[in-house]
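Written below as structure tokens is the structure these notes are about.
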Amino acid sequence: MNTTAGLQAEDFDTLDNILDDLRERFEETPQWEFCEGFMAAMVCSRRAIPEDEWLPMLLGVDEGTEAGEDGGSFADDAQRQQFLALWQRRFDEIKLALDTPVEALDDDKAYAPEVMDVRGAIATLPEAERAEIDDSEIPAFAQVWALGFMFAVENWPDEWTAPKDKDAAKWHDLSLEAIVALTEDDADTPTLSALSEDGPPSVSENRLNAYGEALWAVYDLREIWRNIGPRVEQVIKGATPGRNDPCSCGSGKKYKKCCGL
């Protein structure tokens, strides 16, 4: 049973601070929302992706990267271990949520991604400050999360090949399509607040519906691979020597008096 404590607000602040520090050495370091989507895909992946694969793919860091080289680097081993410890806690939290049956997404046990309503935050600013912001550069609600999820899918395509079963394959493809839909902009008129009941309108109703469909899709993808299991590598067995042939182990004895006993 998973007993790992879930992350609190201060833990996400720590992660943001680490990513900000990494960005000083590698400007392509993503925001946490992107990492959150990437992590959700890691949880749903058919194969458990090891740290030495996903860490350089996501953050551009590896054991041999030093500050000043191409790619990024942690400030020191303590920072690396702190990041990985918080990462594992969040990973376990997401996994537990996706493996726990829920009837509605507002259930306290349901998976709730750490996403930002950037457009909503901007809408609360004074008009003069809002006028200085280029709206074309502002991501739609949950867009960055969805981009992070699909980044993982695209970089491990073998783990996301549709199942052979036709029904499962259809289920799989529709689920990915729901997440891909969130990678697009919210072009409709905002009429609702994404994260609060009384906040300024920041998302369209269609966007919130698409967000809900994407979250259920994550549950479905997790369930598909849990039911099917990991890929089984084909094992090609060599020809068995005849009883009077030299044993293939190299002992010099006949097979029947060695490994064939």
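Listed by first and then second residue, the side chain to side chain donor-acceptor pair (under 3.5 Å) pairs involving residues 100-114 are Glu36-Tyr111, Tyr111-Trp145 (not counting sequence neighbours). Within the structure, every pair that satisfies the ring-ring contact (aromatic ring centres under 6.0 Å, His included) test and touches residues 187-218, not counting sequence neighbours, is listed here: Phe141-Tyr211, Trp216-Tyr219.
Counting non-hydrogen atoms of other residues, nucleotides and ligands closer than 6.0 Å to CD of Glu205 gives a total of 12 or fewer. More than 12 non-hydrogen atoms from other residues, nucleotides or ligands lie less than 6.0 angstrom from CE of Met57. Summarising the local packing, CD of Glu10 is surrounded by more than 12 heavy atoms from other residues, nucleotides or ligands at distances under 6.0 Å.
The side-chain contact (heavy atoms from CB on, under 4.5 Å) search around Gln82 returns Thr14, Ile18, Leu86, not counting sequence neighbours. With sequence neighbours excluded, the residues that form a salt bridge (Lys or Arg N to Asp or Glu O under 4.0 Å) with Asp11 are Arg89. Applying the ring-ring contact (aromatic ring centres under 6.0 Å, His included) test to Trp171 and every residue at least two apart in sequence or in another chain returns nothing.
Counting heavy atoms from C-beta on, the side chains of Leu19 and Leu59 come closer than 4.5 Å. Looking only at side-chain heavy atoms (C-beta outward), Pro56 and Val61 stay at 4.5 Å or farther from each other. With a 4.5 Å cut-off on side-chain heavy atoms, Phe149 and Thr183 do not count as touching. Contact of the Phe38 side chain with the Asn155 side chain is not registered, since no non-hydrogen atoms from C-beta on lie closer than 4.5 Å. The shortest side-chain heavy-atom distance between Gln143 and Glu184 does not fall under the 4.5 Å cut-off. Residues Thr29 and Leu58 are not in side-chain contact: their nearest non-hydrogen atoms beyond the backbone lie 4.5 Å or more apart. Using a 4.5 Å heavy-atom threshold, the side chains of Pro190 and Ser204 count as separate.
With salt bridges taken as basic N to acidic carboxylate O contacts below 4.0 Å, one links Asp185 and Arg119. Ion pair Arg47/Glu159 flagged as a salt bridge, since at least one NZ, NE, NH1 or NH2 atom sits closer than 4.0 Å to an Asp/Glu carboxylate oxygen. Ion pairing between Asp20 and Arg23 holds under the 4.0 Å rule for side-chain N and carboxylate O. Comment: Arg226 engages Asp99 in a salt bridge, judged by a side-chain N to carboxylate O separation of less than 4.0 angstrom.
Checking side-chain atoms of Arg46 against main-chain N and O of Trp225 turns up no donor-acceptor pair under 3.5 Å.
The heavy-atom pair separating Asp186 from Ala140 by the smallest distance is N-CB, 3.6 Å.
In the hydrophobic clustering of this structure, Ile179 does not group with Leu174; members are Ile, Leu, Val, Met, Phe, Trp, Tyr whose side-chain heavy atoms approach within less than 4.5 Å, directly or through other members.
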Please tabulate, for side-chain N and O atoms in residues 194-202, each donor-acceptor pair with protein atoms closer than 3.5 Å (sequence neighbours left out).
unit_1: Ser196; atom_1: OG; unit_2: Ser193; atom_2: OG; d: 3.1
unit_1: Ser196; atom_1: OG; unit_2: Gly199; atom_2: N; d: 3.2
unit_1: Ser202; atom_1: OG; unit_2: Asp117; atom_2: OD1; d: 3.2
unit_1: Ser202; atom_1: OG; unit_2: Asp117; atom_2: OD2; d: 2.8
unit_1: Ser202; atom_1: OG; unit_2: Ala194; atom_2: N; d: 3.3

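Distance check, rounded to the nearest 0.5 Å: CG of Asp76 to CD of Gln81 gives 10.0 Å. Atom-to-atom distance recorded for Lys95:NZ and Gln88:CD is 8.5 Å, nearest 0.5 angstrom.
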